[in-house]
Protein chains: 2
Amino acid sequence: MQATPCPKCPLRALSVMLANTPEELAVIESLRDSQTLLRAGATLIREGERGGRLATLFAGWAFRYKTLRDGRRQILNFLLPGDFIGLQQKMTDESPHGVEALTDVVLCTFPRDTVWQLHQRLPAVGYDITWLAAHEESIVDENLVSVGRRTAAERIAMLLIRLYKRASALQPGAPGRSVLFPITQQHIADALGLSLVHTNKTLRRLHKLGLYRIVEGHLVLLDPGALERMADWYGTGVPEARPLI
Amino acid sequence: MQATPCPKCPLRALSVMLANTPEELAVIESLRDSQTLLRAGATLIREGERGGRLATLFAGWAFRYKTLRDGRRQILNFLLPGDFIGLQQKMTDESPHGVEALTDVVLCTFPRDTVWQLHQRLPAVGYDITWLAAHEESIVDENLVSVGRRTAAERIAMLLIRLYKRASALQPGAPGRSVLFPITQQHIADALGLSLVHTNKTLRRLHKLGLYRIVEGHLVLLDPGALERMADWYGTGVPEARPLI
DNA sequence: CGACGTGTTGATCTCTCTCAATTAGAGTGG
DNA sequence: CCACTCTAATTGAGAGAGATCAACACGTCG
């Protein structure tokens with residue numbers, strides 16, 4: 001596959017991304033291994049695997065998850081273009097979580113020591129990476145609050161709002177439009193700590209209330225205000241901007 | 001208060017901490033503001049507060065939390081000596097979570113731009129900070145799995161094991177000993193997404209099974225193997241070593 | 001001594017889970 | 001073109017883990 005040069009990366013044009021100097025981009029591109037295409041459903045990192053790849057998600061959606069022995073699965077968070085994959089995993093350790101593609105996906109892969117190289121050669125980028133890690137944590141924090149303390153309806157309202165915002169920030173165009181939403185009810189259930197059946201019933205309820213619509217894998221929020229009120233969401237909390245190495 | 005010099009920091013003697021060169025420690029100490037003593041129950045960072053402090057926990061226990069408007073509270077994770085406080089908070093933003101002291105606490109406080117200073121002047125330390133942030137995230141990941149997919153008994157077993165391991169790693173001495181455990185059942189409930197009453201009943205059940213004992217704020221695991229089996233815990237996952245700037 | 005925080009226990013109540021069955025659409029092979 | 005299979009969504013019924021409500025015990029403290 002013909003790899004996109006970093007300076008021409010379309011993700012850079014988005015306002016949510018951090019600015020980098022041309023020199024920084026040159027270094028980043030020189031470190032990059034290649035771009036890799038993977039099919040929807042592919043496992044990018046297996047739980048417990050050693051030496052998994054380090055990558056950024058160039059296109060497509062994925063998710064991080066952990067499973068218990070008997071198969072219960074918890075989705076930790078969803079990964080959208082610009083997100084890091086495999087940052088948590090220290091050099092030779094095994095990955096504490098799995099990563100799976102929700103759609104066809106393009107990864108920019110890097111050698112395992114890239115994080116260290118960047119810190120050493122480009123402190124400003126190293127700093128951004130720290131901030132990125134801290135930011136991903138606050139997304140997980142937010143999920144933990146939902147799963148721990150919100151009711152099923154509140155959790156779902158929250159998830160719809162958060163994913164809508166993240167997706168629309170990546171999709172230039174008027175607000176209020178529909179955004180890609182490539183996840184099944186099973187994914188929602190696994191992300192929110194709910195059963196599939198209850199997820200379906202609750203989703204149905206919100207749908208009948210006219211709060212959202214999903215058509216052909218695209219989500220529209222018909223009443224964002226009502227959803228935010230239902231989710232007990234401050235609107236503060238996690239800022240939506242996400243940097244990219 | 002007489003501040004402990006960083007090179008003499010007792011935390012450094014612990015095997016779980018990262019090694020730093022004398023030069024690095026000198027820079028770190030030069031950046032440090034002071035040491036601050038705060039009482040048990042004190043709020044270190046208020047939710048939504050701007051310009052909160054940046055600090056490391058030198059002594060004592062604390063916890064991070066978020067609350068919903070109606071008062072429901074979720075504890076995100078517990079902070080033990082050596083942990084960072086306020087790393088998530090970008091410069092001028094408001095803090096996405098609160099931090100409260102569980103015991104009397106001593107903080108080593110730093111100016112807000114210390115993270116950047118360290119990245120710039122000591123890339124190796126910057127790298128450690130990135131790893132620390134990623135590591136704290138995996139603790140939250142683990143909590144999310146518990147709250148989302150484990151039963152009450154499993155969650156409590158998990159929490160007892162995890163806190164015991166973290167605390168005993170900081171407390172030189174024979175394994176199998178008792179460790180400080182300065183949290184109430186209300187804290188456990190808020191960390192695990194359970195009600196206080198159900199937490200009490202479940203705790204009681206595990207106690208009657210002879211799995212643990214808490215005496216005068218100190219925890220002993222009487223049957224760690226049974227607890228691990230109950231928690232469906234692999235033992236892999238989050239490594240226990242934690243670095244310190 | 002009364003107020004308060006923490007732990008404990010019993011009695012309901014209900015939100016969510018589990019089990020079961022049905023529908024609809026997409027893909028596949030004959 | 002049509003059975004056949006699979007996945008995803010849907011709905012009803014019954015069961016259960018955990019929530020809520022209410023008391024009470026105990027120790028500390030001003």
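In what follows, chains are A, B, ... by sequence order, proteins preceding strands, each numbered from 1.
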Look at B/Q186 and C/dG7 and indicate whether a side-chain polar atom (N or O) is within less than 4.0 Å of OP1 or OP2.
no
Could you tell me the separation between the CZ atom of B/R205 and the P atom of C/dG7, rounded to a whole number of Å?
19 Å
Is A/T202 touching bases, backbone alone, or none of the nucleic acid, heavy atoms closer than 4.0 Å?
nothing
Once the angle between the rings of A/W61 and A/F78 is folded into 0 to 90°, is it parallel (under 30°), tilted (30 to 60°) or perpendicular (over 60°)?
tilted
Can you sort out the partners of A/D141 under salt bridge (charged side-chain N to carboxylate O under 4.0 Å, His left out), two or more places apart, ordered by chain and number?
B/R64
Of A/R149 and A/V197, whose nearest nucleotide on DNA chain D comes first from the 5' end?
A/V197
Which nucleotide sits closest to the side chain of B/T184: C/dT16, C/dT18, C/dG7?
C/dG7
Starting from P on C/dT14, measure out to NE2 on A/H198 and report it in whole angstrom.
15 Å
Euclidean distance, atom CG of residue B/L102 to atom P of C/dG5 [Å, nearest integer]:
17 Å
How many Å lie between CZ on A/R204 and P on C/dT16, as a whole number?
18 Å
Under 4.0 Å between any heavy atoms, over every strand shown, what does A/L203 touch: base, sugar-phosphate, or nothing? Just pick one.
nothing
For a quick check, tell me whether the side chain of B/K201 and the base of C/dG10 share a donor-acceptor pair closer than 3.5 Å.
yes
To the nearest Å, give me how far apart CZ (B/R150) and C1' (C/dC17) are.
19 Å
Return yes if some donor-acceptor pair links the side-chain N/O of B/S95 with the main-chain N/O of B/H97 below 3.5 Å, else return no.
yes
Which part of the nucleic acid does A/G193 contact within heavy-atom distance under 4.0 Å: base, sugar-phosphate only, or nothing?
sugar-phosphate
In whole angstrom, give the distance that lies between atom CD of A/E216 and atom P of C/dA24.
18 Å
Contact interval (first through last nucleotide) of DNA chain D with protein chain A, 4.0 Å heavy-atom:
D/dA8 to D/dA13
Rounded to whole Å, the CZ-P distance (B/F181 to C/dT6) equals 14 Å
Counting N and O atoms only, with roles assigned by atom type, does the side chain of A/H198 sit under 3.5 Å from a partner on the main chain of A/S195, one being a donor and the other an acceptor?
no
Spacing of A/L196 atom CG relative to C/dT16 atom P, expressed in whole Å
15 Å
Salt bridge A/E154-A/R149, side-chain N to carboxylate O under 4.0 Å:
no
Is B/R150 salt-bridged to B/E142, cutoff N-O under 4.0 Å?
yes
Sidechain-backbone polar pair: A/Y212 side chain, A/L203 backbone, donor-acceptor under 3.5 Å
yes
